[in-house]
Amino acid sequence: MRRTGTSVDPLWYKDAVIYEVPVKSFCDGNGDGIGDFEGLHSKLDYLQSLGVTCLWLLPFFPSPLRDDGYDIADYFSIHPSYGTLEDFKQFLDAAHARGLRVIVELVLNHTSDQHPWFQRARSAPAGSPERDFYVWNDTDQRHKEARIIFVDSERSNWTWDDEAKAFYWHRFFHHQPDLNFDNPVVVTELLTVLDFWLDLGVDGFRLDAVPYLIERDGTNCENLPETHAIIKTVRAHVNKRPSPPLLLAEANQPPADVRAYFGDGDGDECHMAYHFPVMPRIFMSLHLEDREPIVDVMERTPGIPENCQWAMFLRNHDELTLEMVTEDERDYMYLAYSMDPQGRINVGIRRRLAPLVGNSRPRIELLNALLFSLPGTPILYYGDEIGMGDNLYLGDRNGVRTPMQWTGDRNAGFSKADPAGLYSPVINDPVYGFPAVNVESQESDNASLLHWTRNMIRLRQHFKVFGRGSIDFLRPANTKVLVFTRSFEGDTLLCVANLSRTAQPVELDLRAYAGATPVETLGYTEFPPIGELPYFLTLGPYGFYWFELQRPHG
Ligand code: BGC
């Protein structure tokens, strides 16, 4: 079997395992109660030993933090709570020295209303170049077809600005005015931002909220051709670099619309895009104990250019979004995964992985096995490797952004500050609280979720086919079992997963592989060779197998 690629491979992101980490939440180096680059730096050994190969850092720029840093007030610096540019550089060098790549956020759709560009715009005369950095109108009646995204907190995509005596456009919070991408100067300014971070050495960017860059009358103002033209400009710009950075699109859209963010031809927009359509369907399949939601969405997913890759995820810093499912599906997802209305926000569920699945270790393992074996590059959310919980009493999405739980000591070992001074309380309930769930105790417990996750990452990294291979679904009669093969350059893995809470038999038509021997990859156990007859397997509750199909030599 082919092993994963080297660090100089331009397609490195295809073999990566990405770890999403908010600097604020990971480790506090200076004892002020807020995580920082010094703290993150000190935890690089942990991340390296976990086996992840790339870190995705949530926004760490100066910001009033009314949307946790997605409201940027200065693109060229570091929020003072998180350290200095020098701290960032030291962290980046240390990450690179360990072979870890680092991608950062490019929040290009909007800024904070505290950004000097907006402050300048609101006081500048209407029609002036300064005013033209944002999108203004005399009434709030334009672009009515555009949906409101943060339905729990916003009533309109327009907000009146008393100083400008005009309405400004915003797709998210009212304090996040959208930049005007019809203004070429705005595009040039953002390219300067990209260059600044690239010169510092970052390996890529997550393009936040990328479908909403351009507005046009009579449209829903999403995925417009003019928006794609801007992304093509960004890609062409970064392509001039000797090793172009990774561009990862955040586009929460149906399959065909997400596909568009890879661009045309060989892929002239983003290298990667989140597979938003499949994520909720993994949870739907688990709840229904039926493979159909996953198979259906994967089969409806258009092919992507050779050098492109899906980004797969189960959970992240936002709510588990249900925007891309039908109303009926949304209803049963709420019933299945968030009986407590407190767990709902906007059109989604603000919970971490472990609480979503009732802290069931078999279900957590099954979902991770799917994350690691479906086509694409997996992204792990910090803390999910130890099964951290959430805090529904914290507002917005803050309940899934609590301090990382390192030890059973004060503040979960996250900070030496007075507990009252932490940016957020640590999780301290009897089930998920830091005395019960922390890295230190899981390091010394060979059966812990941490060891299991580490093991699975290592196993996945052993087989290049996971990151690069094609997928083919088998359709055995038992629909509780999801079965697919992954193939790459003559190598084939067979993945079998029981989505139900009870043991299941499955009968597979594997005649195409007659003569091959399935070798179960976790234990390297040989199963009986495949012949012309149906191949029988039984799986325990939520059980799964990854088999390497070894063909006879010669
Ligand atoms: C980010 C959110 C953020 C929003 C507005 C999203 O795509 O993931 O956390 O609130 O963009 O910037």
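In each ligand, atom 1 is the first atom listed, and ligand 1 is the first ligand listed. This one's a predicted model, so the numbers in the text were calculated from it and none came from an experiment. We're numbering straight along the sequence, starting at 1.
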Filter the ligand 1-protein atom pairs down to N or O on both sides and distance under 3.5 Å, then list them.
residue: ligand 1; atom: 7 (O); partner: Asp208; partner atom: OD1; Å: 2.9
residue: ligand 1; atom: 7 (O); partner: Glu250; partner atom: OE1; Å: 2.5
residue: ligand 1; atom: 7 (O); partner: Glu250; partner atom: OE2; Å: 2.5
residue: ligand 1; atom: 8 (O); partner: Arg206; partner atom: NH2; Å: 3.1
residue: ligand 1; atom: 8 (O); partner: His317; partner atom: NE2; Å: 2.9
residue: ligand 1; atom: 8 (O); partner: Asp318; partner atom: OD2; Å: 2.5
residue: ligand 1; atom: 9 (O); partner: His317; partner atom: NE2; Å: 3.1
residue: ligand 1; atom: 9 (O); partner: Asp318; partner atom: OD1; Å: 2.7
residue: ligand 1; atom: 9 (O); partner: Asp318; partner atom: OD2; Å: 3.4
residue: ligand 1; atom: 9 (O); partner: Arg397; partner atom: NH1; Å: 3.2
residue: ligand 1; atom: 10 (O); partner: Asp67; partner atom: OD1; Å: 3.0
residue: ligand 1; atom: 10 (O); partner: Asp67; partner atom: OD2; Å: 2.7
residue: ligand 1; atom: 10 (O); partner: Arg397; partner atom: NH1; Å: 3.0
residue: ligand 1; atom: 10 (O); partner: Arg397; partner atom: NH2; Å: 3.4
residue: ligand 1; atom: 11 (O); partner: Asp208; partner atom: OD1; Å: 3.0
residue: ligand 1; atom: 11 (O); partner: Asp208; partner atom: OD2; Å: 3.3
residue: ligand 1; atom: 12 (O); partner: His110; partner atom: NE2; Å: 2.8
residue: ligand 1; atom: 12 (O); partner: Asp208; partner atom: OD2; Å: 3.1

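Between Phe173 and Tyr70, the distance from one ring center to the other does not fall under 6.0 angstrom.
A donor-acceptor contact under 3.5 angstrom links the side chains of Tyr261 and Asn223, judged on distance only.
The side chain to side chain contact (heavy atoms under 4.5 Å, CB included) search around Lys165 returns Trp160, Asp162, not counting sequence neighbours. Applying the ring-ring contact (aromatic ring centres under 6.0 Å, His included) test to Phe118 and every residue at least two apart in sequence or in another chain returns Tyr134, Trp136, Tyr168.
For the pair Arg351 and Tyr337, the NZ or CZ position fails the cation-pi test of under 6.0 Å to the six-membered ring centre and within 45 degrees of the ring normal.
For residues 246-263, the pairs satisfying salt bridge (Lys or Arg N to Asp or Glu O under 4.0 Å) are Arg206-Glu250, with sequence neighbours left out.
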